[in-house]
Amino acid sequence: MSESKKPSLDDWKAATEKGLKGKPASSLEWSTPDGITIKTVYTKADVENLRSQDTLPGFAPYLRGPHTTMYAGRPWTIRQYAGFSTAEESNAFYRRTLAGGGQGVSVAFDLATHRGYDSDHPRVVGDVGKAGVAIDSVEDTKVLFDSIPLGTISVSMTMNGAVLPVLASYVIAAEEQGVPQDQLRGTIQNDILKEFMVRNTFIYPPTPSMRIVGDIIEYASKHMPLFNTISISGYHMQEAGADASLELAYTLADGKDYVKTAVERGMGVDDFAGRLSFFFAIGMNFYLEIAKLRAARMLWCEIMEDFGAKKASSKMLRTHCQTSGWSLTFQDPYNNVMRTTIEAMAAVFGGTQSLHTNALDEAIALPTDFSARIARNTQLVLQEEAHITHVADPWGGSYMMESLTQQIADKAREVMKEVDQAGGMVKAIEAGLPQRRIEEASARRQANIDRGLETIVGVNKYKPKDEKAIDAFKVDNKAVRLSQIDRINKVKASRDQSKVNACLEALTQAAASGKGNLLELSINAMRVRCTLGEVTQAMEKIFGRHTPHTSTVSGVYGKVWADDPQWLDLKKDVDAFAAKEGRRPRMLVVKMGQDGHDRGAKVIASAFADAGFDVDLAPLFQTPEEVAEQAVENDVHVVGVSTLAGAHNTLIPQLIQELKKKNAEDVVVVCGGVIPQQDYEELRAAGVADIFGPGTSVAVSARRVIQRISGQI
Amino acid sequence: MPRFDTDTYVQGVLNGDRRMIAKTITLIESTLHRDEEQTQDIIGQLLPHCGKSIRVGVTGPPGAGKSTFIEALGLHLLENKRRVAVLAVDPSSKLSGGSVLGDKTRMGRLMANNDIFIRPSAAGETLGGVARKTRETLLVLEAAGFDTVLVETVGVGQSETVVADMTDFFLLVALPNAGDELQGIKRGIMEMADAVVVNKADGPFEDSAKQAAHVLRSALQLMHHPRPDWDLPVLLISARTGLGIDEVWKAILRFQGAMTANGVLQARRREQNLEWMTALVREELSRQFDTHSEVRYLLPELRRKVSDGRMTAVRAASMLMQAFSVGQTT
């Protein structure tokens with residue numbers, strides 16, 4: 001071969017365009033939902049002048065990882081989040097997990113616990129034991145951690161709203177195991193800001209909630225030095241529809257506000273910053289997710305240097321990751337194993353410190369033993385068979401990856417600047433800014449998927465001919481509730497009521513005066529067997545319960561569909577209905593019970609309105625009776641129930657009964673969301689007119705609703 | 001939707017049957033001509049039972065917290081043993097015709113109480129339609145025994161004039177910021193207001209709310225016509241903490257007392273009845289115009305000509321009116 005001139009990018013372009021028959025090479029580029037262009041080929045020119053290039057793992061700005069040797073020294077922690085309905089079942093699961101190679105345990109709580117209600121509260125009849133374990137008092141927590149040495153096993157608790165009584169009950173359970181507070185290791189999520197943004201499992205308004213965060217950071221920095229007091233979470237933002245740069249920016253901005261809160265109380269940054277950890281979602285956007293984690297570390301280091309942090313541990317972002325639950329599909333569910341594997345690889349290439357891999361049936365119900373084992377083994381195979389762990393930051397130096405890392409960091413900086421201009425995250429949230437951005441991203445993405453512009457295998461492409469339902473874990477919610485109530489009664493009968501009263505009174509006083517540490521007082525209260533509901537109530541008297549202000553975007557969903565014949569037909573049907581009936585079809589979209597995941601409900605509300613419906617969006621956390629009353633007052637044609645947390649078997653039949661009581665049998669009830677196939681028959685028998693599984697596009701479901709309410713089917 | 005005979009609607013409303021109240025409102029909202037005719041019969045029979053409530057209009061720029069204010073006021077009124085009805089008019093999307101009726105979503109604490117009835121309505125296409133429908137709905141709720149009716153409207157466009165024309169007391173909710181050219185609140189709305197409340201006077205906004213109230217007070221002194229027996233109050237409130245809500249309600253009662261004593265309230269309602277009549281005539285004329293066969297025949301062609309500049313608007317309008325009047329006499 002002769003020594004010819006080295007081919008240039010122009011040569012590449014010419015050669016490429018020859019193969020493209022006249023189309024420009026740029027026609028192969030792809031734009032991510034964030035608006036970042038993914039090019040076909042990257043060159044040295046893409047990484048020239050990048051500031052953080054050519055750094056090393058374990059050194060600032062930590063772009064390449066917080067530790068020098070990364071997984072070559074010690075692999076990431078396999079941490080499987082699990083919650084069964086009862087403390088006994090969860091405990092048995094933890095023991096099996098630890099015996100099978102798991103290295104820490106994660107606790108999922110039921111929605112009643114999240115929202116600070118004891119299991120005997122009338123508002124939570126459908127929620128107890130669903131989607132996690134119910135904790136009413138220390139007695140439940142003790143059962144939960146029975147024979148699990150809390151001095152050595154790290155515990156991760158997904159708790160934000162009822163963070164005080166739950167954390168306190170963990171401290172007491174350990175104390176009664178003989179483990180002192182300074183040996184406790186683990187993490188509590190305690191990230192209340194994102195709850196106001198996306199997940200809605202808060203209790204108190206933002207200001208007192210931030211005081212609670214501050215109290216916990218302060219208490220733990222003195223008494224629980226090994227415990228991570230806060231896990232700043234972007235996970236739920238991605239689950240709610242945020243793209244990668246929004247997730248990254250809002251998470252870091254939340255982190256900034258927490259640091260500010262602690263600093264304003266007079267704490268030194270280096271006294272607590274090392275105990276802050278992060279939590280990101282890893283979805284199917286493979287390259288970008290890796291870049292996101294690298295960029296996150298670089299940006300956090302900058303932020304902490306601005307706060308004047310000196311210690312290395314204050315400046316290095318350490319994170320837990322979980323594969324995306326939203327990317328899991330209900331249809332053809334075994335595909336979820338592959339999705340989770342790909343996402344897990346992205347998390348590992350991005351340099352996560354711990355990882356939860358979702359079980360294949362997690363989109364439908366709590367994992368079964370079988371699906372949980374596959375999920376855990378996915379990580380073991382990555383760790384022990386694939387030889388991935390030998391190299392720290394294996395993507396370092398890749399033209400593409402370094403360039404992407406820089407681009408997503410720049411995007412995130414722009415969004416954070418917008419937050420700064422709004423006066424910080426608390427104010428931005430109060431003004432509804434991040435909520436609106438996330439909702440827009442979510443509606444756009446859903447419309448793209450529904451229309452088939454984004455492929456989901458088995459859902460909108462390559463659909464299986466006949467679907468075989470998989471066995472889903474089913475919770476006998478009534479039995480769980482009764483046994484919890486029984487335990488509450490026993491606790492209340494055997495405790496010293498005067499001590500209980502004194503502890504609760506002290507909490508109320510501290511809430512009112514602003515003096516005293518609420519975590520310390522909650523620990524005292526849980527020790528004398530106050531219940532979670534009582535502790536919550538004691539502060540609620542002063543703080544009040546926060547009511548969210550729901551808003552919806554409009555026009556985003558309809559815009560993606562604008563010229564689709566299916567959509568135009570639907571709009572014709574809606575107009576025809578309105579002309580005949582004298583008004584537009586009117587639908588009440590509701591979520592019942594304590595489940596605050598309202599992404600689905602909001603997308604549905606906004607998409608149906610774009611199709612020409614008049615849509616009433618019910619407030620969150622309603623009981624079936626309240627929903628029936630609203631359906632009657634607003635005289636809607638149809639109630640659409642969105643359900644994710646498994647309370648449908650209890651709440652939907654109740655709703656239909658309540659409608660009957662009010663003579664409102666003419667109101668049609670349909671439901672959608674995560675409903676296992678095995679429940680369909682029960683729901684239909686109860687009077688549900690139609691059930692829309694995940695993946696049903698609004699073009700289809702709205703059409704069926706029109707037919708139902710005009711009596712055509 | 002099932003429909004009932006006039007007597008069923010009337011008796012249902014008078015008995016306070018919540019489902020029949022709702023169904024009657026639906027009938028009022030219907031765009032079908034036969035429903036409109038039945039509605040007039042029903043309203044005719046309900047009218048003798050109306051007029052006993054205090055009617056409060058609430059407006060303000062988007063984001064001022066109208067819904068949360070109404071929620072807080074509603075809770076306060078319930079404590080005072082009042083029976084409260086809330087009408088919320090939501091703008092419909094011009095593009096799709098559909099809408100998300102979100103006001104009630106923001107009044108979660110008012111739900112599930114027999115002494116309160118909240119009905120959000122889509123504004124629909126025409127403003128005249130909003131006026132008639134809201135007024136008639138208000139009458140239905142009065143006949144059903146609600147003694148306080150709150151009508152919420154978004155403070156953009158013309159709908160606030162419409163609401164001011166059917167209420168006894170018109171209240172403007174303002175944001176806690178002083179600048180921005182008085183928040184883009186139109187002078188006309190300022191002049192209509194019987195009270196102004198500055199919301200969100202709590203926490204971080206307390207200072208700016210105070211300042212906003214100060215600016216509003218001086219602006220109002222300049223532009224507001226003095227009224228007999230009434231100094232227009234500018235009140236600081238927080239819908240979140242409940243601060244100032246009691247003062248707002250006291251101001252409304254004081255206004256009602258004073259204006260009843262001096263006859264202004266009665267005069268206002270008489271005036272509004274005349275407005276109502278005029279509005280009904282205009283709406284009916286407009287409907288007849290829109291459905292007139294000759295007009296419908298001519299309209300597309302004339303629109304094209306005017307739009308292409310081949311005919312003046314004045315000429316086209318005159319041709320349409322001529323066609324309409326000719327059709328009338330035949």
Side-chain angles (χ1 to χ4, degrees), chain A residues 205-207 423 426-427 430-432 544-545 547-555 558-559 571 574-575 578-586 589 602 605-606 608-623 625-627 629-635 637 662-664 666 709, chain B residues 1-3 17-27 29-36 63 65 67-68 71 85-86 90-114 116-122 124 200 202-205 240-242:
Chain A
T207 308
V426 174
K427 284 203 177 146
E430 279 174 353
R545 203 169 254 274
T547 36
H549 284 187
T550 312
S551 64
T552 50
V553 296
S554 78
K559 201 169 151 195
K571 294 196 72 166
V574 173
D575 288 340
K580 187 162 168 275
E581 177 78 7
R583 61 168 175 154
R584 298 194 159 271
R586 189 162 180 171
V589 176
K602 280 181 169 177
S606 140
F608 271 69
D610 284 353
F613 277 61
D614 282 336
V615 180
D616 296 275
L617 187 59
L620 285 169
F621 314 127
Q622 299 279 294
T623 63
E625 195 191 346
E626 288 162 341
V627 169
E629 181 56 42
Q630 196 181 350
V632 167
E633 272 181 28
N634 294 11
D635 195 21
H637 296 103
K662 295 175 195 296
N663 283 328
D666 55 326
I709 60 181
Chain B
M1 183 195 84
R3 282 172 172 79
D17 177 333
R18 301 173 77 84
R19 179 163 173 266
M20 287 316 295
I21 297 170
K23 291 282 179 200
T24 309
I25 298 173
T26 300
L27 199 73
E29 288 173 353
S30 172
T31 52
L32 302 184
H33 191 52
R34 64 182 156 92
D35 289 341
E36 282 181 32
S67 305
T68 41
E71 185 187 44
V86 180
D90 262 297
S92 296
S93 158
K94 281 267 182 309
L95 219 58
S96 70
S99 59
V100 177
L101 305 158
D103 307 84
K104 202 161 173 172
T105 318
R106 296 187 280 272
M107 299 179 192
R109 287 183 292 166
L110 281 184
M111 303 257 176
N113 188 311
N114 251 331
I116 197 147
F117 194 101
I118 309 171
R119 176 71 172 231
S121 295
K200 305 185 183 177
D202 57 66
F205 298 111
R240 197 172 64 77
T241 64

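- Closest heavy-atom contact between B/Thr31 and A/Ala578: OG1-O, 4.4 Å.
- How far CG of A/Asn634 is from CD1 of B/Ile118: 8.5 Å, rounded to the nearest 0.5 Å.
- Atom CZ of B/Arg19 sits about 12.5 Å away from atom CD of A/Glu629, to the nearest 0.5 Å.
- Ionic pairing of A/Asp666 and B/Lys23 is present here: one or more N-O contacts between side-chain nitrogen and carboxylate oxygen are shorter than 4.0 angstrom.
- Listed by chain and residue number, B/His33, B/Arg132, B/Arg287 satisfy the side chain to side chain contact (heavy atoms under 4.5 Å, CB included) test with B/Glu36 (two or more places apart in sequence, or in another chain).
- Interface residue A/Pro205: only side-chain heavy atoms are found under 4.5 Å from chain B.
- Between the CG atom of A/Asp635 and the CZ atom of B/Arg119 there is a distance of 5.5 Å, given to the nearest 0.5 Å.
- When all heavy atoms of B/Ser99 and A/Asp614 are compared, the pair lying nearest together is OG-OD1, 2.9 Å.
- Between A/His637 atom NE2 and B/Thr26 atom OG1 the span is 7.5 Å, to the nearest 0.5 Å.
- For A/Arg586, the side chain to side chain donor-acceptor pair (under 3.5 Å) partners at least two apart in sequence or on another chain are A/Asp616.
- In terms of heavy-atom proximity, A/Ala579 sits nearest to B/Leu32 at O-CD2, 3.2 Å.
- With values rounded to the nearest 0.5 angstrom, B/Ile25 atom CD1 is found 8.5 Å from A/Glu633 atom CD.
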